Number of protein chains: 2
Amino acid sequence: MDATPRWLTSEQQVAWNSFIRMQEKLIGRLSRRVQADSGMSAADYIVLVKLTETSGGRMRLMDLAKLVEWEKSRVSHQVRRMTERGLVAKEECPDDGRGAFIAATHAGYKAIEDAAPVHVEHVRRLFIDALSQEELNMLARISDRVVAHLERQPD
Amino acid sequence: MDATPRWLTSEQQVAWNSFIRMQEKLIGRLSRRVQADSGMSAADYIVLVKLTETSGGRMRLMDLAKLVEWEKSRVSHQVRRMTERGLVAKEECPDDGRGAFIAATHAGYKAIEDAAPVHVEHVRRLFIDALSQEELNMLARISDRVVAHLERQPD
DNA sequence: CATCGATAGTTGATACGTCAACCAGTTCTC
DNA sequence: GAGAACTGGTTGACGTATCAACTATCGATG
């Protein structure tokens with residue numbers, strides 16, 4: 001209803017553009033790299049990390065969804081694809097007829113053990129090495145503020 | 001070949017995790033929002049912005065690709081989809097038989113004019129409002145450093 | 001002018017994310 | 001104990017990103 005929208009100041013625009021550009025380049029490069037030399041996507045990686053960090057290497061699908069903050073259908077699709085590639089397996093859930101446990105397979109453990117050092121090395125080389133520890137701290141603080149702000153807002 | 005990979009320090013991990021989490025939440029929320037209330041994706045948006053900023057509202061596909069820093073096949077697919085929805089049109093290129101001009105249509109202009117204020121408002125509400133101007137400046141500086149670092153590295 | 005390499009752009013396969021609709025069990029409530 | 005509402009999870013359609021292979025044209029060089 002506002003005929004004259006409030007545009008951003010040029011300083012605000014600069015900040016937004018720089019951030020977006022950085023984030024696209026960084027994430028794009030990292031995910032292509034990890035994909036290329038371990039055959040795993042960022043999604044595969046995080047799912048296996050979360051599963052293998054859990055005692056027993058298995059978890060309910062919805063618990064996994066909450067942990068990684070994805071919606072259930074995204075998790076369901078991801079798990080199906082990973083099941084087809086043998087990285088995880090679905091197991092029956094005795095106490096809840098609807099439920100499914102997702103478990104990392106041997107191949108899954110192997111894959112994450114191989115991929116983790118590679119992943120870390122890329123993160124270090126592409127991101128950590130670009131910044132001082134003070135800058136990293138500032139970025140963490142800023143990121144946390146944005147997240148807190150988002151969580152305070154509806155939707 | 002390094003049997004004992006150098007993991008990140010806990011401070012470095014915190015920074016990386018915070019950043020990734022922020023970036024995912026922010027981008028996800030913004031793109032869902034913009035999609036929901038203007039029917040346009042971030043990709044549609046940026047393509048139309050770049051096209052309509054150009055005098056004549058038309059541009060060679062490869063020039064567009066360089067401008068938005070996408071690979072050509074991504075641009076090609078995106079343009080095809082936008083053509084199907086009537087937002088842009090392809091025009092012949094007289095001086096280069098291979099070439100294609102991409103032009104914003106009337107519907108494209110209309111769409112971007114409608115979407116821009118909405119987009120800006122979301123950026124402001126989700127991101128700008130979360131931070132002080134000093135924080136925005138710091139983030140811009142940090143982002144630029146990371147980009148410069150990435151551009152210094154091969155691939 | 002023949003050809004060879006670079007450039008412009010398309011296409012198809014595959015993977016990923018979102019949305020909405022759906023099914024099946026579970027829990028609440030009267 | 002019979003619904004009704006809720007929760008856990010799947011599915012299909014669609015839009016999107018990447019990669020590799022391909023076509024067609026351009027431009028340089030012989």
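Within every chain, numbering begins at 1; the chains are lettered A, B, ... in the order of the sequence lines, protein sequences first and strands thereafter. Computed over heavy atoms, backbone and side chain alike; hydrogens, waters and symmetry mates excluded. Remember, predicted model here, so these are calculated numbers, not experimental data.
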Salt bridge or not between [X] and [Y]? Use side-chain N to carboxylate O under 4.0 Å.
X	Y	answer
Glu121(B)	Arg125(B)	no
Asp144(B)	Arg21(A)	no
Arg81(A)	Asp44(A)	no

Results of salt bridge (charged side-chain N to carboxylate O under 4.0 Å, His left out) for Arg29(B) - residues two or more places apart only = none
Partner residues of Glu92(A) under the salt bridge (charged side-chain N to carboxylate O under 4.0 Å, His left out) criterion, sequence neighbours left out = none
Output all residues satisfying ring-ring contact (aromatic ring centres under 6.0 Å, His included) with Phe19(A), sequence neighbours left out; order by chain, then residue number.
-> Phe127(B)
Over all atoms of both residues, closest heavy-atom pair of Leu48(B) and Leu87(B) | CD2-O, 4.0 Å
Drop me the distance from Met40(B)'s CE to Tyr45(B)'s OH, to the nearest 0.5 angstrom.
-> 7.5 Å
Within residues 79-109 of chain A: residues closer than 4.0 Å to DNA chain D (heavy atoms) = Lys90(A), Arg98(A), Gly99(A), Ala100(A)
pair Trp70(A)-Ile46(A): side-chain heavy atoms closer than 4.5 Å |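 Side chain of Trp70(A) against side chain of Ile46(A), heavy atoms only: contact under 4.5 Å found.
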Flag the pair Arg58(B) / Val88(B) as yes when at least one side-chain heavy-atom distance between them is below 4.5 Å, and no otherwise.
-> no
Contact residues, residues 20-47 of chain B to DNA chain C [heavy atom, < 4.0 Å] = Arg32(B)
By a strict heavy-atom criterion of less than 4.0 Å, which residues belonging to residues 60-76 of chain B are in contact with DNA chain C?
-> Arg60(B), Leu61(B), Met62(B), Lys72(B), Ser73(B), Ser76(B)
Mark yes or no for a side-chain to base donor-acceptor pair under 3.5 Å between His77(A) and dG12(D), with no hydrogen or angle criteria applied.
->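 Indeed, a donor on one side and an acceptor on the other fall under 3.5 Å apart.
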